[in-house]
Amino acid sequence: MSLSEITARIDAACAKAGRGPVTLVAVSKVQPDERVEAVLEQGQRVFGENRVQEAAGKWPGFRARFEGIELHLIGPLQTNKLRQALDLFDVIQSVDRPKLARMLADEAQARGACPDLFIQVNTGEEPQKAGVLPAEADAFIAQVRDAYGLPLKGLMVIPPVDEEPALHFALLAKIAKRNGLEGLSMGMSGDFESAIALGATHVRVGSALFGERVTG
């Protein structure tokens, strides 16, 4: 599906929901450079990557050629990659544990700057998945935003693959609302219109835009 088709669907979903614009995060992880370049040539500037190392090998070159790129880390952040991530990314969507938040605060203080942050919430309470549990989200939000003074913009979720995603989008929106957070990163290729209807401000679209991931 072309970038224009995706953005048209996003615009239609926004109009239907009576909402303002939504940011498309083009998920470029494990995509060959030529596919990413083609989307850059069409005007897309906001991209999401899962791994710090992959982003480090891909984006400095693209940034040298294309102005205005905004890079989001949407995968788990290991603390030993923290400094490299802060050098590379404009937004970190996967803040998910107190140790990481504390290290972000220390590094941000040392640098005098910090990317915008989203907290990942594990709404499905899946043991194999990163994210703070819903019952612990309010306390963690207060820690990140108030105790550490970090630039927290919103919440992010990856719903369980075998459950109705709208239930998880609604739960994330509820947590965000009671904590006064406006950013909601939710919705992927198969369900971003549902996410927009429930308040998404950022949708993460990969396979629908680039085609199936290349592996191996």
Side-chain angles (χ1 to χ4, degrees), residues 1 5-30 46-50 72-77 91-98 100-101 116-146 152-210 212-213:
M1 194 174 294
E5 289 172 310
I6 295 288
T7 54
R9 285 175 59 184
I10 290 172
D11 290 345
C14 288
K16 186 176 180 180
R19 301 193 43 231
V22 168
T23 298
L24 167 62
V25 181
V27 179
S28 48
K29 62 181 181 181
V30 204
V46 184
F47 290 83
E49 289 283 345
N50 253 42
H72 291 232
L73 178 63
I74 58 176
L77 176 55
V91 181
I92 295 174
Q93 293 200 13
S94 50
V95 180
D96 63 350
R97 59 199 188 279
L100 177 60
D116 287 342
L117 305 176
F118 285 66
I119 286 173
Q120 183 173 351
V121 183
N122 185 354
T123 56
E125 303 187 25
E126 297 174 277
Q128 80 282 9
K129 189 173 285 182
V132 63
L133 297 176
E136 300 166 2
D138 292 359
F140 189 50
I141 289 166
Q143 182 182 43
V144 171
R145 180 176 57 191
D146 305 327
L152 181 60
K153 300 302 180 183
L155 306 177
M156 183 267 264
V157 70
I158 304 171
V161 295
D162 57 350
E163 295 185 18
E164 170 52 56
L167 300 174
H168 297 272
F169 300 155
L171 175 57
L172 195 75
K174 184 177 179 181
I175 296 170
K177 184 176 182 180
R178 70 172 179 250
N179 285 283
L181 289 169
E182 294 185 357
L184 286 170
S185 175
M186 57 190 198
M188 296 184 283
S189 290
D191 54 27
F192 66 83
E193 282 137 327
S194 171
I196 290 170
L198 289 163
T201 59
H202 296 68
V203 294
R204 309 180 306 272
V205 178
S207 58
L209 179 59
F210 292 103
E212 289 305 312
R213 289 181 216 154

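Rounded to the nearest 0.5 Å, atoms CD (Gln120) and CG (Leu172) are 10.0 Å apart. Separation of atoms CE (Met156) and OG1 (Thr123) is listed at 11.0 Å; rounding is to 0.5 Å. The structure places CG of Leu24 at 4.5 Å from CD1 of Ile10, a figure rounded to the nearest 0.5 Å. In this structure, CG on Asn122 lies 9.5 Å from NE2 on His168, to the nearest 0.5 angstrom. Rounded to the nearest 0.5 angstrom, Ile119 CD1 and Ser185 OG are separated by 13.0 Å. Rounded to the nearest 0.5 angstrom, Lys174 NZ and Leu155 CG are separated by 14.0 Å.
Ring planes of Phe47 and Phe210: tilted class, angle from 30 to 60°.
Considering only residues two or more places apart in sequence or on other chains, Ala166 meets the side-chain contact (heavy atoms from CB on, under 4.5 Å) condition with Glu164, Ser194, Leu198. Residues satisfying the side-chain contact (heavy atoms from CB on, under 4.5 Å) test with Pro98, not counting sequence neighbours, are Phe140, Gln143. Not counting sequence neighbours, the partners of Asn50 by the side-chain contact (heavy atoms from CB on, under 4.5 Å) test are Lys29, Ile74.
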What's the verdict on side chain to side chain contact (heavy atoms under 4.5 Å, CB included) for His202 and Val91, showing C-alpha distance, side-chain angles and the deciding distance? CA-CA 12 Å; His202 296 68; Val91 181; over 6 Å; no
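Proximity of Lys16 to Ile196: side-chain heavy atoms (C-beta onward) are nowhere separated by under 4.5 Å. Between Val121 and Leu171, every side-chain heavy-atom pair lies at or beyond the 4.5 Å cut-off. Between Val22 and Phe192, every side-chain heavy-atom pair lies at or beyond the 4.5 Å cut-off. Side-chain contact between Asp138 and Asn179: present, with at least one pair of heavy atoms (C-beta onward) separated by less than 4.5 Å. Thr201 has its side chain out of reach of Lys153: every pair of non-hydrogen atoms, C-beta onward, lies at least 4.5 Å apart. With contacts defined as side-chain heavy-atom distances shorter than 4.5 Å, the pair Val132/Asp96 does not qualify.
Ser189 approaches Gly206 most closely through the heavy-atom pair OG-N, 3.3 Å. Shown here for Cys14 and Gly20, the closest heavy-atom pair between the two residues is SG-O, 3.4 Å. Listed here is the closest heavy atom pair of Ala26 and Leu209: CB-CD2, 3.6 Å. Shown here for Ser28 and Glu49, the closest heavy-atom pair between the two residues is OG-OE2, 2.7 Å. The shortest heavy-atom contact between Val95 and Leu100 is CA-CD2, 4.0 Å. Ala13 approaches Glu193 most closely through the heavy-atom pair CB-CG, 3.9 Å.
In summary, the aromatic rings of Phe118 and His72 are positioned with their centroids too far apart to meet the 6.0 Å limit.
A donor-acceptor contact shorter than 3.5 Å links the side chain of Ser94 to the backbone of Gly75.
Heavy-atom contacts from other residues, nucleotides or ligands closer than 6.0 Å to CD of Glu182 number 12 or fewer.
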